[in-house]
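Taking it in order: structure first as structure tokens, then the write-up.
Quick note on labels: first sequence line is chain A, next is B, and so on, each numbered from 1. In this text the structure is predicted, and so the values were computed from the model without any measurement.
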Amino acid sequence: MSIQTSVQQLIEKLYNQKISEEQIQLQRTKKEFKGHLTLVVFPLLKISKKNPEQTANEIGEYLLQHELLIVEYNVIKGFLNLIIAPSYWLNLLNQIHSNEMFGFKEVSENAPLVMIEYSSPNTNKPLHLGHIRNNLLGYSLAEIMSANGYKVVKTNIVNDRGIHICKSMLAWKNWGNGATPESTGKKGDHLIGDFYVLFDKKYKEELKKLEEKGLNKEEAEKQSSLMADAREMLRQWEAGNEEIVSLWKMMNNWVYAGFDETYKRLGVDFDKIYYESETYLVGKEQVLEGLKKGVFSQKEDGSVWADLTADGLDNKLLLRADGTSVYMTQDIGTAKLRFNDYPINKMVYVVGNEQNYHFQVLSLLLDKLGFEFGKGLVHFSYGMVELPEGKMKSREGTVVDADDLIEEMVITARQTSEELGKLDNCTPEEAKNIVEIVGLGALKYFILKVDPRKNMTFNPKESIDFNGNTGPFIQYTYARIQSVLRKAQEQGITLSGKLSSGLELGLKEEELIQTLDSFPSIIEEAAETYSPAVIANYIYDLVKEYNQFYHDYSILGEKDMELKMFRLTLSFNVGKVIRNGMSLLGIRVPDRM
RNA sequence: GGUCCGGUAGCUCAGCUGGAUAGAGCAACAGCCUUCUAAGCUGUGGGUCGUGGGUUCGAAUCCCGCUCGGAUCACCA
């Protein structure tokens, strides 16, 4: 029985009446006060018919006598602070100690299946900072859901068709001289991205020339032969022109090879990848079927629409007059294919908040088409990453490239590590490994610690701090814990059996253990509200406590062997919690730094 | 204009299913390396929680108005 239930039952006995769960407000005692748990007595005043202090004392006295786990209490205003018996914490610590996967739930046979879509790149450009936030959030979400006992399928939808890809292809054909990733030494996605930029440049030159001839902007855009070529290419692609399709395949494969490298370095992966080139026709079928069923309507020009005015939204186009599909149609098709492949109970889309409206509509449409998960689909909407000067703009060249950023982080990690002499005793391989983990840990924590909903500012000049509330700080703490354990082992110190005597010393450890206690529930809560930031901050709190603890210890000095044993054990468990938490977030921790 | 989201220390952010004196990091200042890793620790200063009302024992937190900022309302994806 939990302390919560026990307290509730005892109070019911004391006042001889039924008390609801909401009336029992048991929370962690603030660190300024003495105690572990605090009961807020205000909601109980109506029942006790006494003032807050009297009520608190009355309850405190009763609990002290009837609940063995409560060994002491004090009252401050309307707050009843309870002190829990060391045996309880000891027991808890032992439980944690014996459970390697502390904080993780098992995935049962009939657990609900959640599919998480994230990343969703276009194949005409390399990944950028916005994708990094998306990837880290999506991957962390998957890890958290999985740790909470869900079956998780990570998926990616690649936007591999459309006019933008044709632009890259056209530029490559016209001015590429047969360039390949091998011949240029460029990563495939960057190579294609360069051709996309090149197309834009040539197109602008063409427009300028036309405008110099006296055409206005609109006329110039209409007369542009480059744009006409691109459109023609798209038409031929859709018609299945062999030459175009094989060029398309070759170039896309270059891009995928490039993406894979970035994903791998970032530590994210997918169970199943969908391509829009394979889903857009399915979407069309679904829409036509919906039309047959009378869910959608057709205009005179042949275009198909969904009337969502009854749901407070507008009319939405689903198929153009020429029968071609739009973005929404593709998402419907993708949903269909996915549902064919997996028994999806819950669908989560990790997509930026500029598409909030789109997903509102998609949810309604899928529901109308009879998809069970449609109504309950979750758009995990996150804010944009902005630069100090404002938004990233590809036209102004202010886009922060993902590969560049990662490389910069790792380089900075190396410089800092070398300055601090952290790598002095490492082999080159070890050093490379550590620097990679630290650099990426810094980046990941920096991104994940911010509430996903909020827009965040990224300052590339100041880059990312390695001090304070950062990934490396947490990794550092973990590394130190490992060091403690190594040295303990060298001295032949074993960890078991010495706990109770350590507790007798009555130090501050209860506080620390108490935070360990609430870890699983916090994870659960975080997963429900989809906020990895909650976990990140929680872990940070834990680490703070460890450091406080360590500081006290260095001041005390250590002659007492029992005390030492106790602290070693404790450190071990904090280390485990940190490790588990970090792995949930997809952040690796080095065991030495 | 409609809808949605945000506004907390100089900066970057926590806290938001109502609870005690609103917390961290950075930046500033003052201390701490023969003692398990100083990527650290301790202390000081720094706040009309955008604003006005309401709800109540109690509001950064809930409700309403206003205001500022962002997103969106395409036969783009």
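Nucleic acid contact for A:F473: sugar-phosphate only, since backbone atoms but no base atoms lie under 4.0 Å from a heavy atom of the residue. Contacts of A:S417 with the nucleic acid, taken as non-hydrogen atoms under 4.0 Å apart, include base atoms. Using a 4.0 Å heavy-atom cutoff across all strands shown, A:E386 reaches no nucleic acid atom at all. At the heavy-atom level, A:N425 lies nowhere under 4.0 Å from the strands shown. If you check every strand for non-hydrogen atoms under 4.0 Å, A:M456 touches sugar and phosphate atoms only.
In this structure, the nucleotide among B:rA39, B:rG25, B:rA77 sitting nearest to the side chain of A:Q330 is B:rA77. Checking B:rA20, B:rA77, B:rG70 against every side-chain atom of A:N122, the shortest atom distance belongs to B:rA77. When the nucleotides B:rU21, B:rG40, B:rC75 are ranked by their closest atom to the side chain of A:W305, B:rC75 comes out on top. Listed candidates were B:rC26, B:rC57, B:rC13. Nearest to the side chain of A:F42 is B:rC57. Among the nucleotides B:rA39, B:rC4, B:rU37, the one closest to any side-chain atom of A:T416 is B:rA39. Considering only side-chain atoms of A:Q25, the nucleotide from B:rA39, B:rG19, B:rC75 that sits closest is B:rG19. When distances are taken from the side chain of A:D451 to each of B:rA14, B:rA39, B:rA77, the shortest belongs to B:rA14. Here the nucleotide nearest the side chain of A:N356, chosen from B:rU72, B:rG25, B:rC4, is B:rC4. You'll find that the side chain of A:S483 is closest to B:rC36, out of B:rC36, B:rA77, B:rU8. Checking B:rC13, B:rA39, B:rU21 against the side-chain heavy atoms of A:V450 singles out B:rC13 as nearest.
Comparing the P positions of B:rU35 and B:rA30 gives an interatomic distance of 25 Å, to the nearest angstrom. Between B:rG10 and B:rG47, the distance separating the two P atoms is 7 Å to the nearest Å. Taking atom C1' on both nucleotides, B:rC26 is separated from B:rU72 by 34 Å, rounded to a whole Å. For B:rG53 and B:rG1, the C1' atoms lie 26 Å apart once the distance is rounded to whole Å. Taking atom P on both nucleotides, B:rU8 is separated from B:rU48 by 12 Å, rounded to a whole Å. Taking atom C1' on both nucleotides, B:rA14 is separated from B:rG52 by 27 Å, rounded to a whole Å. B:rG23 sits 25 Å from B:rC63 when the P atoms are compared, rounded to a whole Å. Comparing B:rU12 with B:rU51, their C1' atoms are spaced 24 Å from each other, to the whole Å.
Remark: P of B:rC76 and OH of A:Y357 are 16 Å apart, rounded to the nearest angstrom. Atom CG of A:L318 and atom C1' of B:rC76 are 15 Å apart (whole Å). Nucleotide B:rG19 holds its P atom 15 Å from the CG atom of A:L26, rounded to whole Å. We find that CG of A:N353 is positioned 12 Å from P of B:rC73, with the value rounded to whole Å. For the pair A:Q355 CD and B:rU3 P, the computed distance is 22 Å after rounding to whole Å. The distance between atom NE2 of A:H358 and atom C1' of B:rC4, rounded to the nearest whole Å, is 16 Å. B:rC76 atom C1' lies 13 Å from atom CD of A:E354, rounded to whole Å. Distance, A:L387 CG to B:rU12 P: 13 Å, rounded to whole Å.
Taking 3.5 Å as the limit, the base of B:rA20 and the side chain of A:T38 contain a donor-acceptor pair of atoms between them. For A:D301 against B:rC75, a side-chain-to-base donor-acceptor contact under 3.5 Å is present.
Formation of a donor-acceptor pair under 3.5 Å by the A:T38 side chain with backbone atoms of A:N81 is not found in this model. Without hydrogens or angle criteria, A:D311 side chain to A:L313 main chain gives no donor-acceptor distance under 3.5 Å. A donor-acceptor contact shorter than 3.5 Å links the side chain of A:N57 to the backbone of A:E53. A donor-acceptor pair under 3.5 Å links the side-chain atoms of A:T55 to the main chain of A:N51, judged by distance alone.
In this structure, A:Y476 forms no aromatic stack with the base of B:rG40, since the conditions of centre separation below 5.5 Å and plane angle below 30° are not both met. A:F79 does not qualify as a stacking partner of the B:rG19 base, lacking a centre-to-centre distance under 5.5 Å together with planes within 30°.
For the OP1/OP2 pair of B:rA14 and a distance below 4.0 Å, the side-chain nitrogens and oxygens of A:K449 include no atom meeting the criterion. For the OP1/OP2 pair of B:rC73 and a distance below 4.0 Å, the side-chain nitrogens and oxygens of A:K316 include no atom meeting the criterion. Under 4.0 angstrom from either OP1 or OP2 of B:rC41 there lies no side-chain N or O belonging to A:R480.
Annotation: cation-pi pair A:R579/A:Y478 absent, no NZ/CZ under 6.0 Å from the ring centroid and within 45° of its normal. A:K299 forms a cation-pi arrangement with A:W305, by the criterion of a distance under 6.0 Å to the ring centre and an angle within 45° of the ring axis.
Nucleotide B:rG1: paired with B:rC73 (Watson-Crick or G-U wobble, both distances less than 3.5 Å). Using N1 to N3 plus N6-O4 or O6-N4 for Watson-Crick, or N1-O2 and O6-N3 for G-U wobble, each under 3.5 Å, B:rU35 pairs with nothing. Across every strand in view, B:rC66 sits in a pair with B:rG50 that passes the Watson-Crick or G-U test at under 3.5 angstrom. Both distances falling under 3.5 Å, in either a Watson-Crick or a G-U wobble arrangement, place B:rC29 opposite B:rG43.
Toward the 5' end of RNA chain B, the nearer of the two residues A:K77 and A:S325, judged by each one's closest nucleotide, is A:K77. Residue whose closest nucleotide on RNA chain B sits further toward the 5' end, between A:L317 and A:R592: A:R592.
Within 90° of 0 lies the glycosidic angle of B:rC33, which makes this nucleotide syn.
Taking the six-membered ring for Trp, A:H358 and A:Y327 have ring centres closer than 6.0 Å. The aromatic ring centres of A:Y275 and A:Y256 sit less than 6.0 Å apart.
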Apply salt bridge (Lys or Arg N to Asp or Glu O under 4.0 Å) to A:R338 and A:E117, showing your working. CA-CA 11 Å; A:R338 283 171 174 164; A:E117 172 194 297; 2.8 Å; yes
